[in-house]
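These notes are about the structure you will find just below.
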Amino acid sequence: MRHLQAEHLKADLAIVEAKVPARCTAKARQIQSIVEHFKELEEYRRRIESYPLFSLAALVLLAMLCGAPRGQKDLEKFAASMSQGQRRALGIRRNRQGKLPAPCQSTFSRFFSGIGAESVNRTVLAIQEKLRGPAPKDELVVMDGKEPGMAAGFDSDGSDGALSALFGQRAGRHQNQ
């Protein structure tokens with residue numbers, strides 16, 4: 001039914017659509033397939049409670065694929081909108097009440113502080129290539145650079161802390177290098 005859709009939404013409707021939070025529509029098998037890609041990430045924590053490292057990394061990728069903003073609060077909202085079955089497929093462990101809890105903002109903060117960003121980036125790009133195929137050669141690319149503060153924990157590896165993100169406009173492809 002794509003032929004019945006307007007090329008662009010009217011301004012009144014675009015405002016409403018922009019307020020609708022991204023939701024994960026992936027089925028359990030699809031989520032488990034994504035999780036498998038991240039199981040090779042090296043665990044840096046001594047104790048794991050509810051969220052194995054591969055679960056958090058897969059959740060971040062799912063949020064990206066579903067168009068969720070990438071802030072830690074946005075990731076928390078995205079995770080909270082997931083069903084218990086989707087959380088089970090991620091490998092999230094049950095809490096004392098028998099529920100599969102959604103990770104909170106501080107969990108994502110600790111994740112981003114401790115994980116090797118380069119290893120996650122390589123894995124995300126490989127998964128994207130597998131799911132979407134090679135990037136179009138004529139793709140317009142937008143670059144966004146950041147200098148996070150020490151509290152963000154991005155420069156724990158001795159680097160200067162600068163981050164850059166490349167994003168393909170037409171195909172909506174993440175292209176960090």
Identify the two heavy atoms, one from [X] and one from [Y], that lie closest to each other, and give their separation to 0.1 Å.
X	Y	value
P101	S50	CG-OG, 3.8 Å
E40	H37	CG-O, 3.7 Å
V60	F112	CG2-CZ, 3.9 Å

Pairwise distance [atom1]([X]) to [atom2]([Y]) - rounded to 0.5 angstrom:
X	Y	atom1	atom2	result
L90	C24	CG	SG	7.5 Å
S106	Q72	OG	CD	9.0 Å
I92	L56	CD1	CG	7.0 Å
K73	K77	NZ	NZ	7.5 Å
K39	S55	NZ	OG	8.0 Å
Q97	K99	CD	NZ	9.5 Å

Could you tell me whether the side chain of [X] and the main chain of [Y] form a donor-acceptor pair under 3.5 Å?
X	Y	value
R93	R88	no
Q30	K27	yes
S113	S109	yes

Side chains of [X] and [Y], heavy atoms from C-beta outward: is any pair under 4.5 Å?
X	Y	answer
P103	L75	no
L41	F54	no
F38	L53	no
Q86	L100	no

I'd like to know if I48 and L59 are part of one continuous hydrophobic network [Ile/Leu/Val/Met/Phe/Trp/Tyr, side-chain heavy atoms within less than 4.5 Å].
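As far as the 4.5 Å side-chain criterion goes, I48 and L59 are not connected within one cluster.
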List the steps and the verdict of side-chain contact (heavy atoms from CB on, under 4.5 Å) for M82 and I31.
CA-CA 11 Å; M82 296 179 86; I31 294 171; 4.2 Å; yes
